[in-house]
Amino acid sequence: MNAYDFDLFVIGGGSGGVRASRIAAGYGAKVAVAEEYRLGGTCVIRGCVPKKLLMYASQFGMALEDSKGFGWQVPEASHEWQSLARAKDSEVGRLEQVYEGLLGSAGVKVIKGKATIAGTHEVCVNGVTFTADHILIATGATPEVPQIPGAELMVTSNEVLALERPPERIAIVGGGYIACEFAGIFKGLGSSVWMVHRGSRLLRGFDEQVREHIGNELAANEIQMRLGTTVAAVERKRNAYQLYLGSGEILDVDLVMAATGRRPNTDGLGLERVGVHVDARGAIPVDSYSRTSCNHVYAVGDVTDRLNLTPVAIHEGHAFADTVFGNRPRRTDHEGVPFAVFSQPQVAAVGLTEEEACARHGAVRVYSSAFRPMRAALSGRKERVLVKLIADAATDRILGAHIVAADAAEIIQGIAIALKAGATKTDFDATIGVHPSVAEEFVTLKNARYSTRLQS
Ligand code: NDP
């Protein structure tokens, strides 16, 4: 007889936790998952899914404007936020039910409440203690707000997904994924948008040429950029807010959103009771099998702060279950993972930036092309696409691919397969393009420049 109530107790019912639970249960393990909020986690409930639905909604505004260049007579259109919010909430609710159904049919016990580790093999939820042979931490991360006067007046991505009405004027603090994505969403839905970022370019860590290009694109889309400036304070002014910038400027807006990074959710979990180490940011370091510093405790997803993307968390959860319950040791390969920022236009990439490629490989050949997409010829929109490939000068292998374009996320997935398969520039050149398309540029890039710049 099993000495424990469960073979596996999962804390957190998001992407990683749910996948790990289902797969472990499929191997015959007795599994429980505790979730304090709603099943589905950040991605389904207050991240990728609702964000992408809002992004689609916002794109129609631009499409209506652009359509005039193609002969459409468009009467003045208006947008009804409430019906969008209802439709989005209902889709999120449907997906939550799907998650619940998947766990139910896999035989996983779902326990609603905040779980804490109470002892070596003990987890406590709502005052009830359960024992488990293995524990998996999959608690994700939470938005972090800069500690400035008036910080409590700022909203985060959690709250902007549940607004009752869109702001007429919004200032978004930060220059990362979430800031770029919501700038496009609110602009498309009719708000005046300011992006306030402490750096001189958006999207730190991305290829420098890409960073410059997307900054120019967002500015061309009438997002008002305030770069190289900090936010000193926020003050309420009647029904609006004043944002005091380090530059001395004061912005009058109706909403201030902090999109300044996310912190792993490890506070109050009781990790110290089992000797699970956390780093200075609160993330749980793990080995390549997602094992923590405590032998029977594992962690997957954003709480480990490796590569904070939903498909990565899902893969880590699946690999954990295969390893521990399926007798099939499996690791997640964090190299060559494609990613996309759903800004407008989108930014997508796989592999190395030019700067990383030079630092790791010495000399590289860089191919890039910036051009006006065909659609913009008639719409009149000031829009430029960037397509970029980086090849190893010694082996011809493609080390990185980058694109800034309307459907960049859809394009990069196929390119990522080519890179995973070790494609060379010669392979790209031997591939015939789909014409006319933006994506064909990847197989027609000529005129390399050599780059040996060292990473600054
Ligand atoms: P990011 O780490 O992408 O960006 C945070 C931004 O906030 C940076 O520009 C950073 O500036 C700035 N910042 C941090 N602290 C401060 C501060 N105290 N004052 C002013 N600015 C500050 O975080 P996000 O919150 O946008 O997203 C979190 C993560 O979630 C992403 O990194 C990504 O992994 C994931 N995500 C993925 C998405 C996708 O796949 N499409 C969508 C959304 C999120 P600096 O660069 O100078 O540090």
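Order of listing sets the numbers, starting from 1, for every ligand and every atom in it. Because only heavy atoms are used, hydrogens play no part in the values below, and waters and symmetry mates are left out as well, while side chains stay in. Computed from a predicted model, the values in this text were never measured in an experiment.
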Does ligand 1 have an atom under 4.0 Å from some heavy atom of Phe339?
-> no
Nearest non-hydrogen atom to atom 40 (O) of ligand 1 belongs to which of Leu307, Asp305, Val341, Leu309?
-> Leu309
Between the side chains of Tyr37 and Glu35, is a donor N or O closer than 3.5 angstrom to an acceptor N or O?
-> no
Closest protein heavy atom (residue, atom, distance) for atom 32 (O) of ligand 1 | Tyr177 CD1, 3.7 Å
So, Arg381 and Ser379: side-chain donor and acceptor under 3.5 Å apart, yes or no?
-> no
Among Glu168, Lys237, Arg169, the one residue meeting side chain to side chain contact (heavy atoms under 4.5 Å, CB included) with Val253 = Arg169
So which protein heavy atom does atom 42 (C) of ligand 1 come closest to, and at what separation?
-> Glu181 OE1, 3.3 Å
What residue and heavy atom of the protein are closest to atom 2 (O) of ligand 1, and at what distance?
-> Gly261 CA, 4.3 Å
Aromatic plane relationship, His134 with Tyr298 - under 30° parallel, 30 to 60° tilted, over 60° perpendicular = tilted
Which residue holds the protein heavy atom closest to atom 43 (C) of ligand 1, what is that atom called, and what is the gap in Å?
-> Ile178 CG1, 3.5 Å
To the nearest 0.1 Å, how far is atom 19 (N) of ligand 1 from its closest protein heavy atom, and which atom is that?
-> Arg198 NH1, 3.9 Å
Salt bridge or not for Arg211 and Glu208, using N-O below 4.0 Å?
-> yes
Does Thr323 use its side chain to pair, donor to acceptor, with the backbone of Arg330 at less than 3.5 Å?
-> yes
shortest atom 34 (O) of ligand 1-to-protein heavy-atom contact is with Asn308 O, 3.0 Å
Within the 4.0 Å heavy-atom cut-off, what Ala340 brings close to ligand 1 is backbone
Atom indices of ligand 1 within 4.0 angstrom of Lys51 heavy atoms, with elements | 41 (N), 42 (C)
Short question: side chain of Arg331, backbone of Tyr289 - any donor-acceptor pair under 3.5 Å?
-> no
Closest approach of any protein heavy atom to atom 30 (O) of ligand 1, naming residue and atom | Arg262 CD, 4.0 Å
Flag Ala179 as yes when one of its N or O atoms lies below 3.5 Å from any N or O atom of ligand 1, and as no otherwise.
-> no
With a 6.0 Å cut-off on ring centres, are Phe206 and Tyr177 close enough?
-> yes
Enumerated ligand 1 atoms positioned under 4.0 Å from heavy atoms of Ala259 | 5 (C), 6 (C), 7 (O)
Scan for salt bridge (charged side-chain N to carboxylate O under 4.0 Å, His left out) pairs involving residues 278-292, sequence neighbours excluded, and state none if there are none.
-> Glu144-Arg281, Arg281-Asp305
Sub-3.5 Å donor-acceptor pair from the side chain of Glu181 to the main-chain atoms of Phe342, do we have one?
-> yes
What protein heavy atom sits nearest atom 9 (O) of ligand 1, and how far off is it?
-> Gly175 N, 2.9 Å
Numbered atoms and elements of ligand 1 in range of Pro146, under 4.0 angstrom, heavy atoms = 18 (N)
